[in-house]
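Structure, as C-alpha cells:
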Amino acid sequence: MTETQFTPRVFSGAQPSGNLHLGNYLGALRNWVRMQSEEFETIYCMVDLHAITVWQDPTELQHATRELCAGYIASGLNPEKSILFNQSQVPEHAQLAWIFNCVARMGWMQRMTQWKDKAGKNQQNASLGLFAYPALMAADILIYHATHVPVGEDQKQHLELTRDIAIKFNNDFGVEFFPITEPVIEGAATRVMSLRDGSKKMSKSDPSDMSRINLTDDAEAIAKKIRKAKTDPDALPSEIEGLEDRPEARNLVNIYAALNDQSIEQVLADVGGKQFGDFKPMLADLAVAKLAPISTEMSRLMGDQAEIDGILARGAERAREIAAPILQKTYEIVGMVGPASR
C-alpha cells in the first residue's frame, strides 16, 4: 500500500466541555463545514474520552456532549454528509490507542507542550490519561486512515506526534499501513480574541461572559456584547498598518471580516475613517444575522434529546464500519491472535 492509495478523509473533533463560542465557530466549525462539501469523506467527533482526562461531572458531561453535537449541526455540519458521533461509542479508538501507547516513546510524550502547561508543577498528581492522551489523539485520526486534519496553532505538535507514531509503526513492521496525515492549517484571521481584552484569546474559561459570544446567545445578547466590547477612542484606519498596537480594534475588524467572508483590507477600505459608534452597529447586525440562527437551531435540537442521541448512534455505526477493519488489520500486523483476526 502506498500513501496515494488512501481515501481522502478528514477527521477532527472537539471536547464536550460546554460553552461553544464565536472563536470555536470561526476557528474550527465553519472550516469543517466547508470541508464537507469538498472532495473528502468527513468525520467529526465529540471527544468525550479526552474530556475525562480531568474529572467531569457525569450529568454535565452528557449534557455538554449533546450540546456540542447540536452546535455541530446548527453550524452547518450535515449528519447525512459527515459522520458525527461521540468517541466513547466507538471502542476502536481506545483499542488502537493502546497499540500506540506501545509505539510512542516516553520522551515524545514528555516534550508535549500541552502536558507541561496543563500538568504544570503538579505532574505527579495529574492523571495518566492526561499524559498519554496524545496517543489517543493519534488513534482518533489513524483509526480512520485520515489523510487530512484541520489544526490550529495549539494542535500542530499533536499532529506531528501522530505522524511520528504512524512512521514508527510502519517502519517497525515493514508496512505502509498508516497514512502520514497532512495538516490543514487554519489562517491567522480565525484567531478570535476576547471582547474585553484584545490581547487574550476568546475563551470559555474567562470569568466574564461579556468577553465572548456564545453560540447559545440569542440576538439580544449578541448585539449587547458587541455594543459593550472594549475599543479605543480613535477612528478606524483605512490601511492594515493602522491596526498595529490596537488589539481591540484589530479583533473587531477581524471578526467582521471573517463573518462577512472579506479580507481585512476589504473591510478597512469600506469602514476606514468611521468611529466605533458607527462600526459597532454594523458588526452587531452582521453577527446577529450570522449567529442567531445557530442559537435558535441549537435550542430546537436540545429540546429533542432523542433526535440527537439517534444522530450520534447512527454516526457511531458508520464510524465503526470504517474503524473495525482497520483495527483488525492492525492486530494482524502486530501479531495479535483473537476475535479481531478471525
Side-chain angles (χ1 to χ4, degrees), residues 11-21 23-24 27-28 44-68 85-143 146 149-169 178 181 183 186 191 194 199-208 211-212 327:
F11 176 89
S12 198
Q15 287 197 33
S17 50
N19 281 8
L20 277 173
H21 55 69
N24 303 129
Y44 298 120
C45 183
M46 290 114 254
V47 290
D48 49 358
L49 293 177
H50 287 296
I52 63 169
T53 55
V54 295
W55 188 86
Q56 302 286 336
D57 179 276
T59 302
E60 291 180 6
L61 179 59
Q62 287 185 348
H63 174 83
T65 300
R66 293 185 177 108
E67 185 175 79
L68 181 56
F85 66 101
N86 59 302
Q87 188 185 26
S88 59
Q89 289 197 56
V90 181
E92 288 81 2
H93 286 247
Q95 290 171 284
L96 184 61
W98 178 255
I99 301 289
F100 286 171
N101 281 340
C102 301
V103 173
R105 305 290 92 179
M106 286 288 290
W108 299 359
M109 300 306 220
Q110 289 169 336
R111 286 194 294 271
M112 299 302 289
T113 302
Q114 287 201 18
W115 159 250
K116 296 174 184 177
D117 291 345
K118 291 183 178 181
K121 296 179 180 178
N122 202 30
Q123 291 186 2
Q124 295 303 307
N125 288 324
S127 74
L128 178 60
L130 186 62
F131 179 73
Y133 92 94
L136 175 59
M137 185 177 289
D140 297 336
I141 296 165
L142 294 176
I143 195 63
V149 173
V151 291
E153 288 293 326
D154 59 344
Q155 295 297 329
K156 279 184 181 179
Q157 192 183 31
H158 287 104
L159 187 57
E160 289 167 5
L161 179 75
T162 298
R163 291 162 60 92
D164 289 342
I165 288 174
I167 291 167
K168 188 173 189 307
F169 182 96
F178 287 116
T181 308
E186 297 162 0
R191 186 175 174 85
S194 165
S199 67
K200 295 180 180 178
K201 194 174 179 180
M202 186 175 287
S203 170
K204 61 179 174 289
S205 60
D206 192 307
S208 172
S211 70
R212 60 186 169 269
L327 180 69

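Heavy-atom basis, side chains included; hydrogens, waters and symmetry copies ignored.
- Met46 places none of its side-chain heavy atoms less than 4.5 Å from the side chain of Arg66.
- A donor-acceptor pair under 3.5 Å is formed between the side chain of Gln56 and the backbone N or O of Ala51.
- Judged by distance alone, with hydrogens and angles left aside, the side-chain atoms of Ser127 form a donor-acceptor pair with the main-chain N or O of Thr53 at under 3.5 Å.
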Exercise answer: donor-acceptor pairs, residues 93-102 side-chain atoms, under 3.5 Å, sequence neighbours excluded:
from  : atom 1 : to     : atom 2 : distance (Å)
His93 : ND1    : Asp140 : OD1    : 2.7
His93 : NE2    : Tyr144 : OH     : 2.7

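- Every residue meeting the ring pair (Phe, Tyr, Trp, His ring centres under 6.0 Å) condition with Phe131, not counting sequence neighbours, appears here in chain and number order: Trp115.
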Where do Trp108 and Ile165 land on the side-chain contact (heavy atoms from CB on, under 4.5 Å) test, with the steps shown first? CA-CA 10 Å; Trp108 299 359; Ile165 288 174; 3.9 Å; yes
Working for side-chain contact (heavy atoms from CB on, under 4.5 Å), residues Tyr133 and Met112: CA-CA 10 Å; Tyr133 92 94; Met112 299 302 289; over 6 Å; no
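- In this structure, the separation between OG on Ser194 and NZ on Lys201 is 13.0 Å, given to the nearest 0.5 Å.
- Sorted pairs that involve residues 104-114 and meet salt bridge (charged side-chain N to carboxylate O under 4.0 Å, His left out), not counting sequence neighbours, are lacking altogether.
- The closest donor-acceptor contact from the side chain of Thr181 to the backbone of Ala146 lies under 3.5 Å.
- Interatomic distance, Met137 CE to Leu142 CG, rounded to the nearest 0.5 Å: 12.0 Å.
- When atom types are taken as modelled, the side chain of Asp48 and the backbone of Asn86 share no donor-acceptor pair closer than 3.5 angstrom.
- With contacts defined as side-chain heavy-atom distances shorter than 4.5 Å, the pair Pro16/Glu67 does not qualify.
- Between Gln89 atom CD and Cys45 atom SG the span is 10.0 Å, to the nearest 0.5 Å.
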